[in-house]
Amino acid sequence: MVLPVLAAYLALVLGVGLFGHRLFRGTGEDYFLASRSIGSFVLVMTLFGTNMTAFTILGASGEAYSRGVIVFALMGSSTAIVVPFLIYYLGVRSWQLGKRHGYVTQIQLVRHRYGSDLLGVLLFVVVVALMLPYLLIGVKGGGDALAVLSGGPDGGLPSWVGSLAVCAVTYVYVSYGGMRSTSWVNALQTSVFLLFGVAAYFAVMSESGGLEGAMEQLRAEHAGMADFGSDRFALFQMGSFLLLPLCTGAFPHLYGHWLSARSARSFRLAIVAYPLLVAAIWFPSVVLGAAGRLQFDPPLDGPILVQLIVANTGEILAGCLAAGVFAAIMSSLDSQILALGAMFTQDIVRHHGFHGTLREERQVWFGRLFVLAFLALTFLCSLVASQSIFALGTWALTGFAGLLPMFAATLFWRRATTVGAAASILTAAGLWVWFFWDSLSFAGPYSIGGSGLMPVAVIVPAATASLVIFSLYTRTDRAAGGWWSAAS
């Protein structure tokens with residue numbers, strides 16, 4: 001019954017997504033931004049659902065299975081604080097400027113601010129490259145989850161079937177309905193994985209003697225599972241993870257949702273509710289992952305959360321909870337591919353190929369074709385990817401966190417220059433490639449020199465320093481153009 005229930009849920013998602021096409025107005029702005037008409041409730045649900053990827057649902061629980069509940073302190077707590085701050089300062093200002101100047105993507109904002117086409121192309125290349133591992137999280141997570149739900153590696157469906165299903169369903173409703181369908185489906189899917197996440201927590205924990213009983217058993221039987229090594233290692237690692245949520249301010253898919261808001265007031269609910277929603281997802285995911293040690297001895301093949309659901313619930317409930325897992329995966333994947341389509345159409349094809357003259361209906365088709373090609377590439381990469389979902393997510397978040405100094409300066413620092421912005425992007429990208437290459441020779445979790453210091457702790461300060469130094473030592477005449485004088 002697990003697979004029929006899951007299939008019924010995917011059909012429901014398709015139905016909601018395709019229904020959004022009924023209100024489609026046939027313009028590029030409506031397809032990519034829903035004509036900037038998204039209200040408060042749908043906005044908060046889609047912002048949260050977009051940001052809660054398989055990294056949280058499957059990756060965090062898997063990491064907690066290996067290291068214990070300390071995983072919540074690594075990112076869950078800082079996410080609840082940092083993300084609302086970024087929404088308030090970056091989201092609202094981005095919406096104001098987007099509304100005034102008709103921006104559809106963050107690259108348009110940067111290109112107009114600095115008056116540089118070359119900078120826009122550089123940013124496009126870097127962002128698209130970083131999006132590949134980020135999309136890979138969802139595609140790979142869907143495949144791993146379906147393999148377990150259908151009977152495990154010995155008798156279940158191969159992982160590629162789940163990965164292909166996630167790609168196909170998401171592509172159909174995104175390509176057909178655009179931002180409106182994406183936002184509506186995200187609101188539905190966020191509600192689903194919040195509800196079923198809580199249900200999974202109580203169903204599994206009741207079999208483990210409740211929260212207190214499970215934690216007592218873990219302390220007695222697996223006292224060393226949260227051992228980080230030396231105090232200095234633990235301090236460096238936890239401090240590094242606190243910087244990862246900064247990536248939210250540079251995500252192109254969240255930027256698109258910011259621009260789709262009906263008004264600046266639409267952000268109020270998101271700022272207030274976001275910390276509560278984070279707690280409602282991160283806490284069950286981490287606790288269930290840690291409690292999984294009571295039922296499954298490591299090493300474990302496949303996502304721990306899905307295996308706990310299958311082992312501790314009936315088939316119908318397991319199917320519903322599995323739908324919650326797929327909801328979390330697709331609620332991020334849809335926004336990501338829509339943002340990629342918008343950037344390719346608006347910032348490459350329309351701006352450089354047609355010089356702003358591309359007809360509205362063709363904007364939509366170019367976006368659809370690019371998304372299809374990129375999803376196909378991601379699917380092929382999922383067939384050979386060997387890193388864990390948590391590791392892939394950490395690398396993706398690290399890269400986007402390195403872009404935040406440039407975006408923040410674009411919005412708030414008049415003295416920032418084109419050269420400074422380019423130097424910041426290149427510094428972040430160059431260091432990311434260097435550290436990733438270095439990590440390939442490590443068998444376990446990577447840190448710089450084995451110190452516990454994560455690459456993000458070096459990339460963010462270095463990108464900031466490059467921005468400031470090169471901006472202060474270059475001319476400001478071009479950088480002072482664009483919208484700055486009018487926006488200040």
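All residue numbers refer to positions in the sequence shown, counting from 1.
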Next item on the list: Decide yes or no for S266 and W95: does some side-chain heavy atom of the first lie under 4.5 Å from some side-chain heavy atom of the second?
Entry: no
Next item on the list: Before giving the answer on side-chain hydrogen bond (donor to acceptor under 3.5 Å, both in side chains), spell out for Y103 and H112 the whole-Å C-alpha distance, their side-chain angles and the decisive distance to 0.1 Å.
Entry: CA-CA 9 Å; Y103 300 143; H112 190 197; 2.6 Å; yes
Next item on the list: Give a yes or no on this: more than 12 heavy atoms of other residues, nucleotides or ligands lie within 6.0 Å of atom CZ of F374.
Entry: yes
Notebook entry, point to check: Judged by atom type as modelled, is there a donor-acceptor pair below 3.5 Å linking the side chain of S163 to the main-chain atoms of W160?
Noted result: no
Margin query: Can you tell me how far apart CD (Q96) and NE2 (H101) are? Round to the nearest 0.5 Å.
Written below: 10.5 Å
Check: Considering all heavy atoms of both residues, which atom of L431 and which atom of A462 are nearest to each other, and what is their separation?
Finding: CD1-CB, 3.5 Å
Notebook entry, point to check: Are any of the side-chain heavy atoms of V371 and L338 separated by less than 4.5 Å?
Noted result: no
Margin query: Could you report the tightest heavy-atom contact between S335 and H253, atom names first, then the distance?
Written below: O-CB, 3.4 Å
Checklist line | Backbone of A421 reached by a side-chain donor or acceptor of S424 within 3.5 Å | finding: no
Note to self: For a 4.5 angstrom cut-off between non-hydrogen side-chain atoms, does F370 reach T345?
What the structure shows: no
Next item on the list: Give, for atom OG1 of T105 and atom CG of L340, the distance between the pair rounded to the nearest 0.5 Å.
Entry: 11.5 Å
Next item on the list: Kindly determine whether T410 and Y114 satisfy side-chain hydrogen bond (donor to acceptor under 3.5 Å, both in side chains), including the steps that lead there.
Entry: CA-CA 8 Å; T410 298; Y114 296 103; 2.9 Å; yes
Notebook entry, point to check: At their closest point, which heavy atom of A342 faces which heavy atom of V104, and how far apart are they?
Noted result: CB-CG1, 4.4 Å
Note to self: I'd like to know whether R265 forms a side chain to side chain contact (heavy atoms under 4.5 Å, CB included) with S40, so could you lay out the CA-CA distance, the side-chain angles of the two residues, the decisive distance to 0.1 Å, and finally the verdict.
What the structure shows: CA-CA 8 Å; R265 292 184 177 181; S40 298; 5.9 Å; no
Check: Is there side-chain contact between M454 and L244, with at least one heavy-atom pair below 4.5 Å?
Finding: no
Margin query: Would L123 and I425 count as a side chain to side chain contact (heavy atoms under 4.5 Å, CB included) here? Give the steps.
Written below: CA-CA 7 Å; L123 183 58; I425 295 172; 4.0 Å; yes
Check: Does the side chain of L97 reach to within under 4.5 Å of the side chain of R113, using non-hydrogen atoms?
Finding: no
Next item on the list: Evaluate the criterion side chain to side chain contact (heavy atoms under 4.5 Å, CB included) for residue pair T378 and I337; output intermediate values, then yes/no.
Entry: CA-CA 11 Å; T378 306; I337 62 174; over 6 Å; no
Notebook entry, point to check: Side chain of T170, backbone of V166: donor and acceptor closer than 3.5 Å?
Noted result: yes
Item checked: Donor-acceptor contact below 3.5 Å, side chain W258 vs main chain F267 -> no
Item checked: From CE (M343) to CD (Q108), nearest 0.5 Å -> 11.0 Å
Check: Taking all non-hydrogen atoms of both residues, which atom of L132 and which atom of C381 are closest, and how far apart?
Finding: CD2-SG, 4.3 Å
Notebook entry, point to check: Does H351 reach the side chain of D117, with side-chain heavy atoms less than 4.5 Å apart?
Noted result: yes
Checklist line | Rounded distance (nearest 0.5 Å) linking atom CG of L254 with atom CD1 of I87 | finding: 7.5 Å
Notebook entry, point to check: Closest heavy-atom contact between M179 and S260?
Noted result: CG-CB, 4.1 Å
Next item on the list: State, with a plain yes or no, whether a side-chain heavy atom of F435 is found less than 4.5 Å away from one of I459.
Entry: yes
Check: Taking it one step at a time, do S175 and L372 satisfy side chain to side chain contact (heavy atoms under 4.5 Å, CB included)?
Finding: CA-CA 9 Å; S175 65; L372 181 61; over 6 Å; no
Margin query: Is there a side-chain contact between V460 and L404 in this structure, where contact means two heavy atoms from C-beta onward sitting under 4.5 Å apart?
Written below: no
Next item on the list: Anything under 30° is parallel, anything over 60° is perpendicular, the rest tilted; go ahead and classify F251 against F400.
Entry: perpendicular
Next item on the list: For the residue pair Y89 and F412, categorise the inter-ring angle as parallel (less than 30°), tilted (30 to 60°) or perpendicular (more than 60°).
Entry: perpendicular
Notebook entry, point to check: Which value, rounded to the nearest 0.5 Å, describes the distance between L380 atom CG and L375 atom CG?
Noted result: 11.0 Å
Margin query: Could you report the tightest heavy-atom contact between T427 and S466, atom names first, then the distance?
Written below: OG1-OG, 2.8 Å
Notebook entry, point to check: Does the gap between the ring centers of Y274 and F48 come in under 6.0 Å?
Noted result: yes
Check: Is a side-chain N or O of S471 found less than 3.5 angstrom from the main chain of T417, in a donor-acceptor match?
Finding: yes
